[in-house]
Undergrad: 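There's a structure below that I have some questions on.
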Amino acid sequence: MGSIKVKICGITRLQDALDACSMGADILGFNFVPASPRYLNPYTAREIISRLPPFVTTVGLVVNAAEDLVADVIQQTGIDLLQFHGDESEDFCRRFGRPYIKAFRVRPELDIMALAQRYTSARGVLLDAYRPGVPGGTGDVFDWAL
């Protein structure tokens with residue numbers, strides 16, 4: 001088994017990012033979903049990312065974003081990894097020349113293994129709780145037996 005990595009998502013302030021890193025976070029997530037309360041514009045994300053210590057991986061989270069928005073986030077921030085948290089196809093996820101992870105909202109009728117097989121180019125999958133009308137990041141816990 002590989003080592004455990006800690007990802008803290010929803011970073012909106014430099015001090016929070018630095019505190020997370022000092023407490024052992026390996027990966028920091030930046031939310032580029034305008035409707036989210038944790039939305040961060042790419043300019044502010046770039047400012048935070050430029051001040052991070054070495055070896056911290058940065059992740060840009062998007063949900064059903066337009067291709068030009070994803071390209072703009074990459075260009076403005078230099079983000080290391082993308083996290084697609086919506087209904088994006090594998091073809092769409094691969095278009096940006098960045099490694100990516102694909103998030104799935106777990107619920108009883110979802111066949112996680114079959115869905116993961118549709119994203120073989122992903123670096124990994126992220127399992128999140130399902131709450132109707134909310135794309136993720138709720139802090140809810142799903143039934144791990146699923």
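One is the number of the first residue; the rest follow in order along the sequence.
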Undergrad: Roughly how far, to the nearest 0.5 Å, is CZ of Arg51 from SG of Cys21?
TA: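 That separation rounds to 12.5 Å.
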
Undergrad: Sub-3.5 Å donor-acceptor pair from the side chain of Asp128 to the main-chain atoms of Arg105, do we have one?
TA: no

Undergrad: Taking Leu82 as the fixed residue, which of Ile101, Val59, Ile74 is the one that meets the side-chain contact (heavy atoms from CB on, under 4.5 Å) rule?
TA: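 Among Ile101, Val59, Ile74, the one meeting side-chain contact (heavy atoms from CB on, under 4.5 Å) with Leu82 is Ile74.
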
Undergrad: Within the distance-only criterion (no hydrogens, no angle test), does the side chain of Gln83 pair as donor or acceptor with the backbone N or O of Ala103 below 3.5 angstrom?
TA: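 Side chain of Gln83 to backbone of Ala103, a donor-acceptor pair under 3.5 Å: no, none is there.
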
Undergrad: Within this structure, what is the CG-OG1 distance for the pair Asn41 and Thr12, rounded to the nearest 0.5 Å?
TA: 11.0 Å

Undergrad: Side-chain contact, heavy-atom cut-off 4.5 Å: Leu126 with Lys7?
TA: yes

Undergrad: Roughly how far apart are His85 NE2 and Cys9 SG, rounded to 0.5 Å?
TA: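 Reported value, rounded in 0.5 Å steps: 7.5 Å.
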
Undergrad: If you round to the nearest 0.5 Å, how far is CG of Leu61 from CZ of Arg38?
TA: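 With rounding to 0.5 Å, CZ (Arg38) is 9.0 Å from CG (Leu61).
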
Undergrad: Does Asp16 reach the main-chain N or O of Ile11 with its side chain, forming a donor-acceptor pair under 3.5 Å?
TA: no

Undergrad: Would you please classify the geometry between the Phe92 ring and the Phe96 ring as parallel, tilted or perpendicular, with 30° and 60° separating the classes?
TA: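 Geometry flag for Phe92 against Phe96: perpendicular rings.
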
Undergrad: Could you give the distance from CD1 (Ile49) to OG1 (Thr77), rounded to the nearest 0.5 Å?
TA: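 OG1 of Thr77 is found 4.5 Å from CD1 of Ile49.
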
Undergrad: Should the heavy atoms of other residues, nucleotides or ligands under 6.0 Å from CG of Asp111 be counted, would the total exceed 12?
TA: yes

Undergrad: Honestly curious: do Leu52 and Val73 fall in one hydrophobic cluster under the side-chain, below-4.5 Å linking rule?
TA: yes

Undergrad: So do the side chains of Leu14 and Glu47 get within less than 4.5 Å of each other, counting heavy atoms only?
TA: no

Undergrad: Quick check: are there more than 12 heavy atoms from other residues, nucleotides or ligands sitting under 6.0 Å from CZ of Arg123?
TA: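 No, not enclosed.
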
Undergrad: Taking side chain as C-beta onward, heavy atoms only, is Val56 less than 4.5 Å from Leu28?
TA: yes

Undergrad: Does any non-hydrogen side-chain atom of Val70 lie less than 4.5 Å from one of Glu67?
TA: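 Glu67 vs Val70: side chains apart.
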
Undergrad: Using side-chain heavy atoms (C-beta onward) and a distance below 4.5 Å, is Leu18 in contact with Pro53?
TA: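 They are in contact (side-chain heavy atoms under 4.5 Å apart), so the answer is yes.
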
Undergrad: Do you reckon Ile8 sits in the same ILVMFWY cluster as Tyr39, going by side-chain contacts under 4.5 Å, direct or chained?
TA: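 No, separate clusters.
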
Undergrad: Below 4.5 Å, heavy atoms only, C-beta onward: do Leu127 and Phe104 meet side chain to side chain?
TA: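 A side-chain contact under 4.5 Å exists here.
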
Undergrad: Find out whether Arg94 and Tyr100 are in side-chain contact, i.e. whether some heavy atom of one side chain is under 4.5 Å from a heavy atom of the other.
TA: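 Heavy-atom side-chain distance check passes, below 4.5 Å.
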
Undergrad: Are Ile48 and Leu40 close enough that some pair of their side-chain heavy atoms sits under 4.5 Å apart?
TA: yes

Undergrad: Between Glu88 and Lys102 (salt bridge meaning N to carboxylate O under 4.0 Å), is one present in this structure?
TA: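 Counted as a salt bridge, because a side-chain N and a carboxylate O are separated by less than 4.0 Å.
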
Undergrad: Any donor-acceptor pair under 3.5 Å linking the side chain of Arg98 with the backbone of Ile79?
TA: yes

Undergrad: Establish whether Met23 and Phe30 are linked, either directly or via other cluster members, by ILVMFWY side-chain heavy-atom contacts under 4.5 Å.
TA: no

Undergrad: Would you say Val125 ends up clustered with Ile27 if hydrophobic residues are merged whenever their side chains have heavy atoms under 4.5 Å apart, either directly or through other cluster members?
TA: no

Undergrad: Any side-chain to backbone donor/acceptor pair from Gln76 onto Arg46? Under 3.5 Å, distance only.
TA: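 No; zero donor-acceptor contacts below 3.5 Å.
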
